Amino acid sequence: MAPTESAAADLFEKRLVFITGKGGVGKSTVSVALALAAARAGKRTIVCEVAAQEHLSHVFQRREVGFHEAELTENLWAISIDPDESMREYVLLQLKVKAMRDLLFRSRIFNYLAAATPGLKELVTIGKIWELTLDQRKARGGGRYDLVVVDAPATGHGVGFLQTPRTFANIARVGPIRQQAETLDGFIRDRERTGVAVVALPEEMPVNETAALESELASEVGVTVDRIFCNGLYPERFRPAEAKRIAAAAPDAGPAARGALRAALTEERRGRDQRRQLARLERETKAPVSTLPFLFEPELGPEQMGALAGMVTA
């Protein structure tokens, strides 16, 4: 299925979009392309990286983004969410008395408990993501964003990451932690405001994992996948009859020509295999599937990312 305008337009209507998928499928690249497309459409957009990936600083050829909202280009900002900085910001917002905040941060017991509590770093990370979606920001000097795009953890950790607020809400039966966890969980599962897109490759294992992930997100987290981006699709350069003629001509060609013809056949076979996997992906998943091409570039910079952003909405 070729990408349509609705491939991105349906996600642009959300306030928050999580991008996930198997590691190595181009999840970070698609996150940036989608955010850049939204910015070009007039949406004030921010891309959130988790776990200090710093993919954006490399793509836009600038110094590390870090835990502050850095403007990359018109209408596009970025932030690399550090869990420790998120925890510090959370405490600063909760405790109004500076002396108490300083005392808490100097406490070895507090720092030990914060590091040892399972899922706490994920919870404060999601809390920071939610804070970025607010009309009236809690962070000092924070501007309003129309769209927040999250380069979420890969398949193996993505489901657990999105489950974190509900887990904390179940553990903390009463009190502010429970209330805040319920707020985050409700926001994640609100289809009007929050969307989920999965990135896949047209290969057997990524297709298998994408189908399983879509099912698991629905059953374990309570969210529906809005869009699947099948990334890295090879072009269909030759018709079947043309591929047969190339195969027939290769044995009698000279060394240089034979190598070129065999390379063409290898690419044609890979493209054919990819389209079989694409068809299987469309059969085995419920979300609409959009395709993005393989970019024959040694690395992706602003120019290539801009081209990909255009393809997301083509």
Side-chain angles (χ1 to χ4, degrees), residues 14-21 46 48-53 67 79-97 100-101 103-105 107-139 142 145 148-198 213-226:
K14 311 288 185 179
R15 196 60 175 272
L16 171 63
V17 176
F18 290 99
I19 311 292
T20 186
I46 186 168
C48 303
E49 294 182 319
V50 298
Q53 298 174 65
F67 189 71
I79 184 171
S80 181
I81 299 181
D82 179 88
D84 294 329
E85 291 292 341
S86 297
M87 173 66 75
R88 183 176 183 86
E89 182 178 272
Y90 174 79
V91 172
L92 291 174
L93 291 171
Q94 297 302 311
L95 298 179
K96 306 301 182 184
V97 181
M100 291 182 62
R101 300 193 304 241
L103 181 64
L104 191 62
F105 285 129
S107 169
R108 291 183 179 179
I109 295 176
F110 170 77
N111 290 320
Y112 172 78
L113 291 175
T117 302
L120 184 59
K121 289 187 176 183
E122 289 80 1
L123 184 68
V124 295
T125 296
I126 294 175
K128 177 57 183 177
I129 291 168
W130 169 77
E131 192 273 331
L132 290 166
T133 70
L134 298 178
D135 287 332
Q136 300 295 325
R137 297 281 305 281
K138 296 179 180 294
Y145 295 104
V148 178
V149 178
V150 181
D151 181 6
T155 302
H157 302 286
V159 173
F161 178 75
L162 295 176
Q163 279 182 310
T164 303
R166 187 183 301 179
T167 301
F168 268 80
N170 291 334
I171 294 172
R173 300 298 179 88
V174 294
I177 291 293
R178 178 181 175 85
Q179 294 172 358
Q180 291 162 9
E182 286 179 336
T183 297
L184 297 179
D185 182 55
F187 196 90
I188 287 172
R189 294 188 290 115
D190 185 344
R191 289 205 65 194
E192 293 295 320
R193 296 184 294 174
T194 302
V196 176
V198 178
L213 176 60
E214 182 184 45
S215 176
E216 195 172 358
L217 284 170
S219 61
E220 301 296 329
V221 185
V223 300
T224 301
V225 174
D226 295 273

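Because the structure is a prediction, the values reported are computed rather than measured. We're numbering straight along the sequence, starting at 1. FYI, side chains are in, hydrogens and waters are out, and symmetry mates aren't considered; it's all heavy atoms of this structure.
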Going from [atom1] on [X] to [atom2] on [Y], what distance comes out if it is rounded to the nearest 0.5 angstrom?
| X | Y | atom1 | atom2 | value |
| --- | --- | --- | --- | --- |
| Leu162 | Thr167 | CG | OG1 | 11.0 Å |
| His157 | Glu122 | NE2 | CD | 9.5 Å |
| Thr194 | Arg189 | OG1 | CZ | 11.0 Å |
| Leu123 | Phe168 | CG | CZ | 5.0 Å |
| Glu220 | Leu213 | CD | CG | 11.5 Å |
| Gln163 | Leu217 | CD | CG | 9.0 Å |

By the definition side chain to side chain contact (heavy atoms under 4.5 Å, CB included), identify the one residue from Leu134, Val148, Asp135, Leu132 that meets it with Arg15. Asp135
Out of the candidates Val196, Thr164, Ile126, only one should pair with Ile188 under the side chain to side chain contact (heavy atoms under 4.5 Å, CB included) rule; please name it.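 Of the listed residues Val196, Thr164, Ile126, the side chain to side chain contact (heavy atoms under 4.5 Å, CB included) partner of Ile188 is Ile126.
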Taking the side chain as C-beta and beyond, is there a heavy-atom pair between [X] and [Y] under 4.5 Å?
| X | Y | answer |
| --- | --- | --- |
| Arg191 | Thr224 | yes |
| Asp190 | Leu16 | no |
| Lys138 | Trp130 | yes |

Evaluate side chain to side chain contact (heavy atoms under 4.5 Å, CB included) for Lys128 paired with Ile79, printing each intermediate quantity in order. CA-CA 10 Å; Lys128 177 57 183 177; Ile79 184 171; 4.1 Å; yes
Residue pair [X] / [Y]: nearest heavy atoms and the distance that separates them:
| X | Y | value |
| --- | --- | --- |
| Glu182 | Ala169 | CG-CB, 3.8 Å |
| Ser86 | Ile81 | OG-CG2, 3.2 Å |
| Asp226 | Gly195 | OD2-CA, 3.1 Å |
| Gly21 | Val198 | CA-CG1, 4.2 Å |

Yes or no on side chain to side chain contact (heavy atoms under 4.5 Å, CB included) for Thr125 and Phe161, after CA distance, side-chain angles and deciding distance? CA-CA 9 Å; Thr125 296; Phe161 178 75; 4.1 Å; yes
Would you check if the side chain of Thr20 reaches a backbone N or O of Pro153 as a donor-acceptor pair within less than 3.5 Å?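 Looks like yes, one N/O pair under 3.5 Å.
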